[in-house]
Structure formats: C-alpha cells, structure tokens
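Encoded as structure tokens, the structure appears first; notes follow it.
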There are 8 protein chains.
Amino acid sequence: GYARLDTGRAARTGDPEVVYGAGKTPAQVVEILTRLHAAHPDRAVLATRLSAASREAVLAQLPDAVLDEVAGAATLGPLPPSRGLVTIVSAGTSDAPVAAEAALTARVYGAGVHRVNDVGVAGLHRVLAARDDLARADCLVVVAGMEGALPSVVGGLTGVPLVAVPTSVGYGASFGGLAALLGMLNSCAPGVTVVNIDNGYGAGVFAARVARNARPHEPGDRE
Amino acid sequence: GYARLDTGRAARTGDPEVVYGAGKTPAQVVEILTRLHAAHPDRAVLATRLSAASREAVLAQLPDAVLDEVAGAATLGPLPPSRGLVTIVSAGTSDAPVAAEAALTARVYGAGVHRVNDVGVAGLHRVLAARDDLARADCLVVVAGMEGALPSVVGGLTGVPLVAVPTSVGYGASFGGLAALLGMLNSCAPGVTVVNIDNGYGAGVFAARVARNARPHEPGDRE
Amino acid sequence: GYARLDTGRAARTGDPEVVYGAGKTPAQVVEILTRLHAAHPDRAVLATRLSAASREAVLAQLPDAVLDEVAGAATLGPLPPSRGLVTIVSAGTSDAPVAAEAALTARVYGAGVHRVNDVGVAGLHRVLAARDDLARADCLVVVAGMEGALPSVVGGLTGVPLVAVPTSVGYGASFGGLAALLGMLNSCAPGVTVVNIDNGYGAGVFAARVARNARPHEPGDRE
Amino acid sequence: GYARLDTGRAARTGDPEVVYGAGKTPAQVVEILTRLHAAHPDRAVLATRLSAASREAVLAQLPDAVLDEVAGAATLGPLPPSRGLVTIVSAGTSDAPVAAEAALTARVYGAGVHRVNDVGVAGLHRVLAARDDLARADCLVVVAGMEGALPSVVGGLTGVPLVAVPTSVGYGASFGGLAALLGMLNSCAPGVTVVNIDNGYGAGVFAARVARNARPHEPGDRE
Amino acid sequence: GYARLDTGRAARTGDPEVVYGAGKTPAQVVEILTRLHAAHPDRAVLATRLSAASREAVLAQLPDAVLDEVAGAATLGPLPPSRGLVTIVSAGTSDAPVAAEAALTARVYGAGVHRVNDVGVAGLHRVLAARDDLARADCLVVVAGMEGALPSVVGGLTGVPLVAVPTSVGYGASFGGLAALLGMLNSCAPGVTVVNIDNGYGAGVFAARVARNARPHEPGDRE
Amino acid sequence: GYARLDTGRAARTGDPEVVYGAGKTPAQVVEILTRLHAAHPDRAVLATRLSAASREAVLAQLPDAVLDEVAGAATLGPLPPSRGLVTIVSAGTSDAPVAAEAALTARVYGAGVHRVNDVGVAGLHRVLAARDDLARADCLVVVAGMEGALPSVVGGLTGVPLVAVPTSVGYGASFGGLAALLGMLNSCAPGVTVVNIDNGYGAGVFAARVARNARPHEPGDRE
Amino acid sequence: GYARLDTGRAARTGDPEVVYGAGKTPAQVVEILTRLHAAHPDRAVLATRLSAASREAVLAQLPDAVLDEVAGAATLGPLPPSRGLVTIVSAGTSDAPVAAEAALTARVYGAGVHRVNDVGVAGLHRVLAARDDLARADCLVVVAGMEGALPSVVGGLTGVPLVAVPTSVGYGASFGGLAALLGMLNSCAPGVTVVNIDNGYGAGVFAARVARNARPHEPGDRE
Amino acid sequence: GYARLDTGRAARTGDPEVVYGAGKTPAQVVEILTRLHAAHPDRAVLATRLSAASREAVLAQLPDAVLDEVAGAATLGPLPPSRGLVTIVSAGTSDAPVAAEAALTARVYGAGVHRVNDVGVAGLHRVLAARDDLARADCLVVVAGMEGALPSVVGGLTGVPLVAVPTSVGYGASFGGLAALLGMLNSCAPGVTVVNIDNGYGAGVFAARVARNARPHEPGDRE
Ligand SMILES: Nc1ncnc2c1ncn2[C@@H]1O[C@H](COP(=O)(O)O)[C@@H](O)[C@H]1O
Ligand SMILES: Nc1ncnc2c1ncn2[C@@H]1O[C@H](COP(=O)(O)O)[C@@H](O)[C@H]1O
Ligand SMILES: Nc1ncnc2c1ncn2[C@@H]1O[C@H](COP(=O)(O)O)[C@@H](O)[C@H]1O
Ligand SMILES: Nc1ncnc2c1ncn2[C@@H]1O[C@H](COP(=O)(O)O)[C@@H](O)[C@H]1O
Ligand SMILES: [Mg+2]
Ligand SMILES: [Mg+2]
Ligand SMILES: [Mg+2]
Ligand SMILES: [Mg+2]
Ligand SMILES: [Mg+2]
Ligand SMILES: [Mg+2]
Ligand SMILES: [Mg+2]
Ligand SMILES: [Mg+2]
C-alpha cells in the first residue's frame, strides 16, 4: 500500500491514528478508515477534513460510519465511555466548523464535551454569563478568528487549563488567521497555549488527554 | 536652514507643526522648538521623542519649557483652553510612555484629558469598573501591547469613537508590536480605528480634533 | 439557533448589530436580517458582503429590503434622520465598492454622506479642486489602494478628523492591500487613523459616530 | 501607584499575579514583589526576566528572596506543597534559561518538577533513553530552538499532554525563534500545544495547572 | 521559436536541459520535448509539472514517451545505465508527488534509486527500522511537509550526504511550505542542505550528481 | 590581497568601482581607495558608508581626499566635468544623509546636481512651489521615508524620469523602510522606478547615467 | 461617469492616461479607451491587462484597435514616431507576457524597441552573445522571475541605464515574485532600478522617457 | 555537567560533535573543546563562532589549539589526511568569514580545500576565468550575500555538486540575508542546494562528505 499506517500509535500514546482527509481521494479515505477500524474494532476511529466527495463515499460504502456535517468529519466504531469534561467555547458563528472538529475529536478520544457558542468579546455579557460553565470544565478549548481576543478574556476569568485555537475567519490584515494566531501567542492571560490555525483536531486531542486524566472536582474548587 | 518648517500648518489644519525629536541633535531640537514658538507665541508648541541629551538641553536653554518625563516630550508656550474630553485608557504599566504622549498631545491640541491606567483584559473587573469614565468621553484612546485585546473589549462596551494604539511592549512573536497592531486592525468591535505602533502623538492629535468639535453631552445620552 | 445575536448592542453603543454576509448561506443572511429587523423595527439594519446568491435571496424574500449593488450590501427598515456630514474620498475607480460600503454604513448609522471619487494623487489637481468639499465635513473617510498615498495628501490639506481605508486594489508587491495599509499607518500627516484592508464598514461606523456628535460648523471655521 | 496590581487573580484563577521584570526598574521590581508578597504572605510569589541590576537590588533589599540565576528569576515566600509531576525536556544547552524559567514557574505554582536536558533530535538515542521519564509525567514541557523538532519526536513517543516552547536560539533563517515556533505549530504529532517564543513562564503555569489537577497514575497506565 | 533551448547544457554540466511544464501549453510541451529528444537522441529527456492536458497530449502525440502519473512527469528516450544509489525518504503519504519527481529525476540523470515512504517522525520506529537502507545510499533525499522534522532525525542517524525537500503539505501556519523550509534550514543535524519547496526535480539532479560520482562502498563503511 | 578589485568596471560600464565602507576596517578603506585612485588617477573615486573611524583614517592618511560629512562619504581625485542635471528631492530633514549620498554619487559620476529639501507631502505647497525646478532636470531622485508618498506626487506633476529612494526613517510599522519601499513600488504614478532602502548610491549612479546621456532641453519642452 | 479621467496627464508628463484593464468590465474598457482616444486623437492610447472578455469586446466594438495577444493589451490610434532605443531583455519563455507589455508600452510612448529573449543566467553564453545588442540601447529593461539574477549580470556588462522587472514566475519560496524583487533590489551591480512585480507597463513608460530624451550615440561610446 | 555531549556522533555519522561557540562562555568553550578532544584524541575537533573573549581563553588555556582569525574558529588535535577536493567560491570581500568557516570545516572533516575569492557577478570575467578551478572540484561551496546570484551563474557553468551559502552581507531589503537565501532557493540553475544564512559550517560538513566519498576524476571528465 501507499500508506504505512501507524497502528501502534494507540499503544504508544493512548489515541489511535486518524485519517487526515485533506488531499486524499474518496477511495483512499474509505480504505484507510476501514483499515484503522479493523485495527481498533472496539473503539471509534476518526476521519477529518472530508471533501464533499469523500463524505458521500463514506456514507455510501461505510453504512456504520457516522458523519458530522459541521465538522466535516466521520467516525467508525463505538464511542468510548467519557471521562472528564472538555468545554469548547467559540467566538463567532463562522468558527463553528473548527469548534465542531474539536468537540468531535475530544469525544472520540474519551472525554465528555460541552459547547458554549458565539460569545465573542464585542458583547462581553455573553461570556460573563457563561462563567460557571467555564469553571466546571477540566480543560477549555477557546476558538476565535479575527483578532483572537477571546482566550485572553476567558483566561483572566478562570484557571482551568486553556487551549486556544485561532481560525482563518477574517479578511485583509487577518492574513488567513495569522492575526488571531499572534494574538493568542501573546496573550496577557497566563497559561494560554495555542495550536495551529483551524486545528480543532489537535486541540481536541490535547484537551481530551488533560480531561480524562483529571481528578473529579467541583466548579471553582481548584482556583 | 536644513529644515523647511511648515509654519502654515496651524492655519491649514488647526494644529501647529511639532518637533519629532527622534534622530535630531539637542541643538536641532532647541532651535526648531524656538522657531516654532516664535511662529506661534500664543499657544504651546510640542517636541516629542526627546533623548536624554535633548531633554537636558531643553531644560538648560529653554527655561520656559515644561518637560513631561514619562512622555519624553516638552512644551513651550501657554496651553490652550480645553474643549471636550479625551479619555486615555491603557492596558499595562509598560504602556505608560505611549499613553502619556497621547495625553500630552491631546491637551496641547486643545482637548481636556482623563487617564484610566493598567486595566488589561486579564483582569476584566478593572475595565468594567471604569465604564462610566468611558461613557463620559468624546473620544477614547486605548493603548495596549502584547495581543492588543483591550480595544475590542472597550469597543463592545461603548459607542464613543475609539482610537487604538498598539505598543511595542512584548517579546517573541509580538514582533515589535505587530501582533497588537494586527489584533486591533481585526477587532470584532465595530468602529475601532488604529494608528502606528507606539504612535501616541498621532492618536492624541486625532482624538483632540474629534473632542474639541463635539457637542456637549451627558454620559450615555449618545449611545 | 446557531447564532446568538447581540441585540443589546444598540443600547450599549448606539449602533445595532449587523449581518456580516461573508461565509454565510443565503438562508442565514435572510434569517438574521429578519431577526435584527424585528429587534429594531424603527431603524434600518444592515447586511454587508453579500454574495450574488445572498443578494438574490434578499431581493426575493425581503421585498422591503433595499440593495446597494456597488457596496454589495442591503438595508431593511427606515433610514434614520441624518446629523453631521461624512465625506468619502476615493482614489481610483476600482476602490468604488469599499467607498460605497463606507458611505452606506455611515448613512445607516445616522450621518449625512457626501462622495468625492477618483481623485488619486497622480493627478493632484483633482483633490486640490475638492478642498472646499473636504473642509465642510465633520469626518473624512479616505479610501485608496496601491501605495495608499491619498490620506497623507488630504491630511496635510485639512484638520478634519480623517479615517483612512486601504483597499486590496493592486498587484505584485501590494500584497493584497498590505502596501496601502503600511503606507497609511506611517502617514507623515498627523492625525490619520486607519482601519483594516477593505473595511469600509468599520470606517463608516466610526465616521458616523464622530459626525453625528459634532457641533454644527462652517467650512474652515475649525481649522 | 503607577501599577494597579491584580491581587484578585489567585482567587479567580488559583495562581497569583507575577512581576514581569522586563522594562521595569530595580526599584519597581522590588516594590511590586514586596506588595505581591504582602497580598500572598503564605505562598511564594515570582519575579521573572530580571536584569542584572534588578537581581542585585532583590538580593540587597529582599534578604528572604531566592534567586535562580539561570532562569533570571526570583521568588519570595514559602514554596507550596507539590502535587503531580511536570517534566521539562530541553534540546540544547543554550535552551537552559527558558527551561529553567518553566521549571521554576511550575514549582512555584504547585507542581513537582523533573528535568531532562540536552536531548536534541540530532542524537536520538538521548531522548529514547529518557522514555520512562517521559511516561511518568502528568504534563510535559518541551523546549527547543533552531528547527524545534523535539516536540514532534516526543509527541510520537507518548500521550502525556505536551506543551512546546520555541526558543530564540539560532541564527539566520531562525528569525529570532520564528522557525521553531512554526515548526511546533505544524507538528505532525497530534496534541502538541505551543506558547510564545522563550515563554517558559507561560508553559510552566499551564503545565502546573494540568499536573496538580491530574489523578495519580503509574507510568504508562494511561497510554 | 519563442524558446531558445540550452542544448549545450549537457556538454557543460553533464545533464541535459529539461521541460518545466508549469504554465506551458500542451503544444509547447510536446514541441520542446521533441526538440530536446532530437538534440539528445541516445538518452532520456524529461518533462515535469505536466497538467492533465499536457499529459494527454504527450500520450497521444509522443507514443514513445513514458508517463509517471504520481510525479506528473514524462520521459522520452532510453534511460541511461545507473551508477551509485540515491535513496528517497518521505514523511507522509501526501508527500508522494514530490518524492516521485525526485526519484524519476535522479534515475533519468543516471543514478540508481530506492524509495522509503511514509516514515514521519510521529512514529519513530518506522525510520529507525530503515536505518540500514539509509546507510547503503550514496546520497539521501528526505521529503517532508508540515514541520519538516524528518531530515533532522535522519541526519542524526547517518553521515550520508542529505538533501532535504520541504513540501507544501500542511495548512494554516505552514504558509504553503514555509514552516517546513525554515525547519530544514535550521536543522540541528549538521550537513543538511535544502532545496525550494516542492522542488523534487532540483533535489533529484543534485543527488544524482553526488551518487554517480561516488566511490563504491559497503553500508556503514564510511561513517 | 584579500580583495580582487574590478578595475575594468569603468571601461565596461563608464563608472569606476567604488569602496563600500560598511564592515570594512579603516585600513582596508584607505588601502582600497588608494588602489582605486591609482587605477583611475584622472577622475575622482568614491568611498561610501564610512564609519567615524574610517573617516578619521581617510582624513589623516589621504590629505587629498574630500569628506562629505552628511553623506558619510569621501572622494579622492578631481571631479569630472558635469553634463546634464540630476535633481535630488527629499521629504524630511531626517532623509538628508541618503539624499546627500545620492547627490555626491551623481556628481562624481559626471552629472550636475541640484537639491530640493524637506518638501514632504503633508505640506503640499512646498513641492508645488518647486515645480519649475523639477521640470528642469534630466533625471529626478526622490528620497522619502515613512509612507514614501512623495514620488507618487512628484511623478504626477512631471514626466522627467524619476528614481525613488525609500529611507529607513520611521518607526513601528515602517519596518526599517519596508513601508516606504512597498509604497514606491506600488506608486499609482506611471514610470516610477525604485532602488533599495537607503540606497542613495545606486540612485545616484543610475541618475547620472540618464542625465549625462540626455539631450539638452528647456524646462517643460519634453513633457 | 464613474471615472474621472486624467486627460491633462499628457500635457503635464508627456504621456497620456492609460486604461488599466484589471477588474474592469468589457464595457468599461471599451468606453474609457474610446474617451481617451477622443482626448488624444492623434496618438495611440493604450489598454493593458485585458481579460479574454475585454479583448473580445475591444475587437468587436473598436475595429481600429490593435490587439497584442501576448501582452494582453490593445492600442487605439496611430503610433508616434520613435526616438531612441529601448532594449527588452528577458530570462525565460514564461516571462514573455511581461516583456511584451513593456515593449508595447515603450513603443506607444515614443521609443524604438528591440527584444532579446530567453537569455537566463543558467546558460550564460546566451547573454554574453547579446553584448553588442545591449550596448546599442539607450535604456535596458531586464525581465526575470525566480531568483531574478539577470539584471545583476547585465548590469555588470554595460553602463546603459537598466530597469529591472521581477516577474511572478516561480513557485514555493518565490512567493509570487518576491524573491526576484528582493534579488533585484539588492543587486550588486550599481545603478539597477526596479519596478513592481510583473509591471511591464511601468518599466516601459520609464524606459521610453529615458530613451526618447537621449542623445544619439554609437554602441559603446558612452561607457 | 550542563552539556550532554554527543560523543557517539563520529561513530554514527563519520564526523565528531563540534562546539558551537555562540552564546557560550569562554570557560564553557574551553571545557567542551577539551572534552571533545579527549573523546577523539587522534583527530582534530572544532569550535566555531568564538567571541573575542573565547578566542583569548582558547589561546591562553589550550596551547595546542590553532586559531583561524577570519573564520572565528579553533581546532584542537591533528588534521586528518585529506581526500577529494572542496572548492569554496565567494562573491565579495565581506563574505570572507563565512567562506573561511566553510573552508576550515571541510578540511577538519577530511577533504582537501581550494579557495576562489571575490568573483561576484557584477564583474563576470572573474568567475569565467576560474572555470577550470571549478571543474576540478568534487563539491563546490558558493558563498554570496546581497542578491545571492553567484550560485546561479556557477551552476550554469558546471555540473559539479554545488552547495550555496547565503550571507547576511547587505542592508535594507536584504533583510539580514533573506534576499540572498530566497535567491538561491529559486535558482534557475538545476541542482543548487542551500544552507542557512551564514552557515559556513553546515556547507563545509556537507561538502566534505561528498568530496571524500567521490571517485578520483580529471577536470571535465564528468560533465
Ligand atoms: N484535522 C486535522 N488537523 C491536523 N492534523 C490532523 C487532522 N486530522 C489528522 N491529523 C494528523 O494527520 C495524521 C495523518 O496524516 P496522513 O498519514 O497524511 O493521513 C494523523 O496522524 C494526525 O496526526
Ligand atoms: N511622536 C511622534 N510620532 C509620530 N509622528 C510625529 C511625532 N512627533 C511629530 N511627528 C510628526 O513628525 C513631523 C515632523 O517631522 P520632522 O520634519 O522630521 O521634524 C510632524 O509634522 C509630525 O507630523
Ligand atoms: N499594466 C499596468 N500596470 C500597472 N499600472 C498600470 C498598468 N496599466 C495602467 N496602469 C496605471 O493605472 C492607471 C489607471 O488606473 P484606473 O484609473 O484604475 O484605470 C494609469 O494611470 C496607470 O498609471
Ligand atoms: N557554525 C555553526 N553553524 C551552525 N551550526 C553549528 C555551527 N557549529 C556547530 N554547529 C552545530 O551545533 C551543535 C552543537 O550545539 P551545542 O550543543 O549547543 O554546542 C553541533 O552539533 C553542530 O551541529
Ligand atoms: Mg456573532
Ligand atoms: Mg498590570
Ligand atoms: Mg483613475
Ligand atoms: Mg548539545
Ligand atoms: Mg501517514
Ligand atoms: Mg519636516
Ligand atoms: Mg529557457
Ligand atoms: Mg569585491
């Protein structure tokens, strides 16, 4: 085969290999997803960044697969039990696909997931109203485009570990998400970490690892 | 002389020419400030970005000049009466020199000035506590380095015209103020305008023009 | 709903939330515009950056909406009375869509609007001939692509508050409007403020706020 | 005072405000450290990025302070008990100051800390020999300059949550740490998160939060 | 003709001129390939970066040409005998086209070629298992996108001359291959050289020159 | 010798080799200037970018050399007769060193030189007043920092060939002259050509070549 | 009309206004070309960067227009007599459209034009063979993409004034012509000036102005 | 110790570990050089990028060390016999330190070395005169700053494997060597590979590996 699957990854790292669908043909997506499922029959495997054609192929050829249209991703196999809580916070409606990719990934990798949408900083009351939701989480994923200010505001309100995801939402001097990325890297709130632009998958993996290893806690008893 | 002063600027634009001290010798600063004062004897003229040596020369040779140590600037001549109110909001203690340059400039150019310092978004209660101060202004100048998120937060709280000033405070991927500049240009709060990195002078000029032309108002009656 | 509308924005800032049409489906545009209109029945609400499909949907489904083809935007509801004057100056014919977006926005947000088109600095007599027009304004919006020199020239002719809008018009080393943006940020004319590339909307909001709060004046009596 | 300390930060986020020494005078460092210590007498407070002059002032005026020469940082007050384990991995000897800042911060913020130094990928046996050390951690901080490849290698060996810190070590096309930063953001190992260039402090805060909230575990029983 | 072919190149440098197909019409590709073949009838000439249309034209009009679909390239004329060994190592399945271009070029220019695919550093066992393959080569070509870490790892395992090829595989802050390019230029493994993003051709030319001039050797007897 | 002087350059191109003083020791500057003078005894040779130490060495050891303090350059040997006219226009007082380097170079390379200083576009009357001076030239060199708008304005007023020189004067988003460089490259005035940032020397060489080859003319009779 | 044509440009600068076709509709191109022709009936006016649709419209509606397919440009009206000689040198076959735009522009603006194609530096004999052609010119336009080395080589062979045009030909780290642009700006050959990427028009205008004002000369008698 | 020396590197790769002196104290340089010498007593070890203080410490404390002042480097131990020939070609006198570092490294790593200095492309006769020298080499290292055109010219004259080294020599838009780096990466001469800016060490390692493995040959018999 053209692909040398890393089937030992789950043994080494706890999380199985995944299909990165960008640039792959529908046939390749279906084949690799099938092979990964065969290697991990007892737990869901994941395919992300699926083109319209790949989604159709998955639906047609893998009747047991489940498609997440917003995330542009599919899973095959039973979801694991969830442990710990990842809360995904997003700034605007256009950030939805990235937030959905993060949410699906965290769930597939064994964490519980909660969503808080459309709470950008230009209407601050929205995120302030969600403070209790934020404090309840074991790990936060904060998704924002344009100037990417939301992680700084959230990171000043709570000490829950926070992963920021810049998105490519914006135009002009946003330079495809660069402005948001730089904003998040320079956050004045301590303890904000960052992943690549639009990388909901990476944030979801990381947050699931933090959440499923966390001690049970009550909102606010840690901070 | 080596310098062709634009002594008609006050007639054309309402605001006299100014000495930009960066890269000028102490003798040049003193000479140009003297010439500008002679051209505008009835109102203060300004010299900014003064080196330590230029400050000393101004103090020694122009006894009527007034030095602002934090702003690194000097004025010569009587301040004009003030009209309207410019409020300068800054995020961190390191942004003080830029905020001071903006404040002095706005005052020299005929506006009243109020300061709100050290209200960065990582401790949101600080800026929320200043909401009434913000609403009272005719124009806001918001100064911040690092990720430059403060203008987005302020711009969501009030409809007062808002000029954002990115500062070069930061390190690494702040790239000398670029992160803050891009953040402000991509602000999700509508109606934020931006000046060059560390350009307190430009923000002060602009804000003074807006404020001194504004109709008198009560806090909140405009929004 | 997928969108958490900020219907309190008009109360907080004086200007209602707006539909940013880029990346939204026609159905989403129509729905959000309808909801915003319901929240603000007595004053026009605005949708910008509409795709061809979204324009058609608006025309078909919202017979009371008014489309501005050049601006690529639509309004729904009665225009507010105008107060103060915003003058929109543009450098080249290709800058027309951005200038039109700024003009429509300023009008929707309550200012009077005047246009001065195609007065780029390579034919200086054109902008010099418009000097009286410039002096009459309460706020200027100056739109230019390529090297973005027009705000420096206008800013040297008048002291009216000036918001510069770089456009993505150009090629090669214009880097999608970056050259114009940097030019405007480094303007040697004092008091020029800048918004994001192609951001006619932001400039219009800001200018309307300045203009509608301005004291009535005669041309030239301020400078 | 010129500084509005955020003394509520520990209550909100679990971790007290800190002195960022860059650009502050020795007198300012001493004063703020003293004030923070007064606000948090029972637990160590931290000052980072201290100049030579600030270090001397701290030694001379705060006899109870403890200086970490490699990290360029000082603490004042008793260290908290440690909970969980942060392991700091660094690629080259020149990365030592950043690794030391991360280590000190994680310890001050309540985690246990272990160091694995000088295991760059050009001599792969070094990091392979440290595999058991890596698996024992609750959170990894991986510090590297130049091309920043170490987090990808470590992230493929283990599923422990991993924060990567790019350093400014390098020359030419490293562009002050940009190459390492981009490398880490694009890591092909899933679940790598990144902080700003040379930001050992931020990585330490984040890792401490993850580690002190982690369930006790045996090496390898999670992955 | 519109093209001044450099038919003396083989005499000057040992390797004939080549058709760079990007931006050329099918007719131009066929014509130039025919002319190059006429100038070098006894050895294969090469056309790279062929569009779908150009490939069809080559197939239809040049029945003796051989098409490499993965590389997007064609040869015309007999392959030279091979001398020395070039080993092409690639990180991910998406890097296949660039690796194939390098392999075909090296073979056309007179070297033997071996391929080692899909051995990215996130699954390190894969490249470690290929160590003997690496040592056998006279020159290595290492192809990787995203963070481009593979050359650093390979370069630490062996002293065989190593040419790194960054690919444009990735998204967001990979900036079209820039992250991989910078990573490779800053490799901490000594003796890594780099070619342009996606430049399999250039790497193949260079490696063939090194390999066909190398003394015969046994694996490992050089290092 | 460590330096292989290109003493044939005057024969090939009409202009002799020059000493680029940056990074050279005083001894090297003196030696190379002496050797160039020996190769071209009948016409002045030039050394630019001289450090303070190199200037002193030139003064002390080459009594026949003439120093231009503003340009930071020296000549040795008799100036050639002048032919044609180069006019050097500069925007601000800080641009003086670059303008002086251009002026000296053009004169040493055989053109007549005229200077028009401190006519930046923020005070447009200044450059409009110089229109006749501009029209008289055979070639214009226009020097400006910050946003670099002056060449667009001058290039719209006259058809004299115009070389623009961006300077590194500015701060923040001027990025060491990049803003001015991009501005000039994107000039909307047709026929503006550009040299490197601060490259007065290159502009002087080019302009001298144009001017000394020009037909005699009356102001305005060409346009 | 939407366009304020600068019909005084020929009087001010010697060269009439031109239609920049990018982003204009076919109807706009035809209309402006017609208006420009009416303003300058006795000499050719020019339209550049014409889309396929605009070319068809010009052919159909303006039967007197002449189309240059390679340059993507059209002229309307009689060509002026030519004076002086512009020689256009290009590096590769892909640079042809830019070279053709420069050639047509120079001819329309009154200079004689000669072409030297496909003489890139990788086959140096080609440009060396053209030395006499180069020396004969009054102004050289040198067009090259990729690394843009050709102007440095040509500029070392002759003292004829040389305008370099970087093209967007290339891939990967050519960044759309940036590599060629930077290469030309940093040319070690003295007296190279540069225009924007792909700006054959600007180079043609400039070169025509130099050439038509040049004294008649014999090849080599100037250098 | 703070440093974990990679003493197995010579066994793995054929070339021992080296001291990278930048950022190391004199004491560290002396200690590591001593330790490396102890690990490899029979062959020279190398320390590069030595500060003035480190050079003095080496001279004073390691009497058997040999200092190369131009390269800023030192060796300790007997040079190995040389095998094969590396020819180092440099463009300008300012490139000497980088060329010297490459030359010393190649010699220490077992190749014979020849130097061809100051043959920049602005005086093409110089490099043409060196053609036989170029053809004799087993590997070429071509060092150039500014626009970095020399590798393209050399690479068109010969098929000897060629490693290009961009230097930071230049100013303005050279951006610290970026222009030369991009130029070399985009070279139109096939088979040019590139190392980091100023990385003479890396080029020397690579070239030595190629040369010492090369079959003996006569000039020109390979191409
Ligand atoms: N949406 C995603 N974004 C970023 N990386 C991903 C994503 N999905 C999968 N990956 C990574 O891509 C790898 C698979 O790449 P490939 O071998 O090309 O299919 C996985 O092992 C993940 O590390
Ligand atoms: N602090 C400042 N920041 C930016 N621009 C300034 C500042 N101070 C003065 N200027 C501008 O610099 C011009 C004077 O420049 P110069 O002729 O070089 O002294 C003034 O007309 C202002 O427009
Ligand atoms: N091919 C071209 N490249 C660059 N600038 C051009 C070109 N053609 C025309 N122009 C410029 O564009 C201006 C016309 O712009 P517009 O008013 O938008 O049609 C002319 O005055 C020229 O200065
Ligand atoms: N002049 C140089 N330029 C680039 N890399 C170097 C240089 N000298 C040594 N190195 C690399 O730096 C490594 C040593 O780094 P360190 O452990 O920090 O001393 C060596 O193994 C080489 O790979
Ligand atoms: Mg929203
Ligand atoms: Mg603070
Ligand atoms: Mg126009
Ligand atoms: Mg080491
Ligand atoms: Mg794979
Ligand atoms: Mg001035
Ligand atoms: Mg060719
Ligand atoms: Mg030289």
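In what follows, every chain begins at residue 1, and chains take the letters A, B, ... in the order their sequences are listed.
Within a 6.0 Å sphere centred on CZ of C:Arg115, heavy atoms belonging to other residues, nucleotides or ligands number more than 12. No more than 12 heavy atoms of other residues, nucleotides or ligands sit less than 6.0 Å from atom CZ of C:Arg83.
Checked options C:Val195, C:Leu181, C:Ile197; the residue passing with B:Leu185 is C:Leu181 (criterion: side chain to side chain contact (heavy atoms under 4.5 Å, CB included)).
Using a 4.5 Å cut-off between heavy atoms, C:Tyr201 contacts chain B through its side chain alone, with no backbone atom that close. Contacts of C:Val18 with chain B are absent, with no heavy-atom separation under 4.5 Å from either backbone or side chain. Proximity to chain C is absent for every atom of B:Leu182, based on heavy atoms less than 4.5 angstrom apart.
Judged by distance alone, with hydrogens and angles left aside, the side-chain atoms of B:Arg12 form no donor-acceptor pair with the main-chain N or O of C:Gly159 at under 3.5 Å. A donor-acceptor pair under 3.5 Å is absent between the side-chain atoms of B:Arg215 and the main chain of C:Pro216, judged by distance alone.
Side-chain polar atoms of C:Asn213 and B:Asp138 form no donor-acceptor pair below 3.5 angstrom.
Of the listed residues B:Val163, B:Leu162, B:Thr105, B:Val192, the one with more heavy-atom pairs under 4.5 angstrom with chain C than any other is B:Leu162. Your options are C:Asn199, C:Asn196, C:Val194, and the one with the most heavy-atom pairs under 4.5 Å with chain B is C:Val194.
To the nearest 0.5 angstrom, B:Leu157 atom CG is 10.0 Å from C:Thr13 atom OG1. Taking SG of B:Cys139 as the start and CZ of C:Phe206 as the end, the distance is 5.0 Å to the nearest 0.5 Å.
When side chains are defined from C-beta on, C:Pro190 does not count as touching B:Glu17, because their heavy atoms never get closer than 4.5 Å.
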